[in-house]
Novice: 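Got a structure here, written out as structure tokens. Questions coming.
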Amino acid sequence: KGSSHLPQQLKFTTSDSCDRIKDEFQLLQAQYHSLKLECDKLASEKSEMQRHYVMYYEMSYGLNIEMHKQAEIVKRLNGICAQVLPYLSQEHQQQVLGAIERAKQVTAPELNSIIRQQLQAHQLSQLQALALPLTPLPVGLQPPSLPAVSAGTGLLSLSALGSQAHLSKEDKNGHDGDAH
């Protein structure tokens with residue numbers, strides 16, 4: 001009787017142990033699964049952050065290039081003003097020098113106002129581009145025009161393009177003059 005009782009108790013503890021091991025394995029598997037999901041989530045967040053970093057880096061690089069370009073344009077325009085100024089009458093020279101000094105004294109609030117106007121004009125033009133195809137106008141009605149702010153911004157852009165074209169012509173003329 002004593003010997004038959006011992007294998008049954010051993011059998012019972014073995015099945016208990018197997019059940020415990022199975023439960024622990026399932027618990028570890030669930031933990032592994034949740035950790036894997038968290039790791040995948042972190043990996044996707046990391047790749048998203050890297051994408052944002054690259055985007056911001058490209059924007060920063062583009063702005064830096066644009067800033068250097070604008071600084072070069074200012075330097076060339078100052079050179080042109082300095083060359084043309086002596087040919088003006090004394091009265092006009094004073095007016096131009098005053099205008100140049102006023103142009104140099106741009107304040108941060110003025111810049112913010114200009115940027116805000118440009119953003120509003122850009123957003124308005126995007127909204128109009130989206131809204132016009134969706135809502136056909138009745139016969140005889142014209143699409144709404146952009147406000148004067150965006151027209152001024154457009155004129156500024158056109159004048160900047162014109163001055164760049166003018167500068168590139170002057171550079172070519174200057175280099176041609178050096179060659180002779």
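Both backbone and side-chain heavy atoms feed into the values below; hydrogens, waters and symmetry mates do not.
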Novice: Between the side chains of Glu72 and His68, does any donor sit under 3.5 Å from an acceptor?
Specialist: no
Novice: CG of Asn78 to CD1 of Ile73: how many Å apart, nearest 0.5 Å?
Specialist: 12.0 Å
Novice: Could you check if a side-chain atom of Glu58 sits within less than 4.5 angstrom of a side-chain atom of Val54, using non-hydrogen atoms only?
Specialist: yes
Novice: Determine the minimum heavy-atom distance between Glu110 and Gln105, stating which atoms define it.
Specialist: OE1-O, 3.8 Å
Novice: Can you list the other members of the hydrophobic cluster that holds Met59, where links are side-chain heavy atoms under 4.5 angstrom apart?
Specialist: Met55, Tyr56
Novice: About how many Å separate NZ of Lys46 and SG of Cys39, when rounded to the nearest 0.5 Å?
Specialist: 10.0 Å
Novice: Can you confirm whether Met49 is buried at CE, in the sense that more than 12 heavy atoms of other residues, nucleotides or ligands lie under 6.0 Å from that atom?
Specialist: no
Novice: Please check if Leu85 and Val74 belong to a single hydrophobic cluster, counting links between Ile, Leu, Val, Met, Phe, Trp and Tyr side chain heavy atoms closer than 4.5 Å.
Specialist: no
Novice: Quick test of your reading of the model: are Glu38 and Lys41 salt-bridged, counting only N-O distances below 4.0 Å?
Specialist: no
Novice: Is it true that Lys36 and Asp40 make a salt bridge, defined as a side-chain N closer than 4.0 Å to a carboxylate O?
Specialist: yes
Novice: Can you find a heavy atom in the side chain of Ile114 that is under 4.5 Å from one in the side chain of Gln118?
Specialist: yes
Novice: Quick one: hydrophobic cluster around Leu119, which other residues, with the 4.5 Å side-chain cut-off, linked directly or via members?
Specialist: Ile115
Novice: Which is it for His122 and Gln126 under the side-chain hydrogen bond (donor to acceptor under 3.5 Å, both in side chains) test, yes or no, and what are the steps along the way?
Specialist: CA-CA 6 Å; His122 178 70; Gln126 281 184 335; 3.1 Å; yes
Novice: Just how far is it from atom NE2 of His52 to atom CD of Glu45, taken to the nearest 0.5 Å?
Specialist: 11.0 Å
Novice: Salt bridge (Lys or Arg N to Asp or Glu O under 4.0 Å): which pairs involve residues 91-103, sequence neighbours left out?
Specialist: Glu101-Lys104
Novice: Report yes or no: do Leu97 and Leu88 belong to one cluster of Ile/Leu/Val/Met/Phe/Trp/Tyr joined by side chain heavy-atom distances under 4.5 Å?
Specialist: yes
Novice: Once you round to the nearest 0.5 Å, how far does CG of Leu37 lie from CG of Leu42?
Specialist: 11.0 Å
Novice: Are any non-hydrogen side-chain atoms of Cys81 and Ile100 less than 4.5 angstrom apart?
Specialist: yes
Novice: Side chain of Ser17, backbone of Thr13: donor and acceptor closer than 3.5 Å?
Specialist: yes
Novice: Should the heavy atoms of other residues, nucleotides or ligands under 6.0 Å from NE2 of His33 be counted, would the total exceed 12?
Specialist: no
Novice: Taking the side chain as every heavy atom from C-beta outward, state whether Leu28 and Gln31 have any pair of such atoms under 4.5 Å apart.
Specialist: yes
Novice: If you measure from CD on Glu48 to OG on Ser44, what distance do you get to the nearest 0.5 Å?
Specialist: 8.0 Å
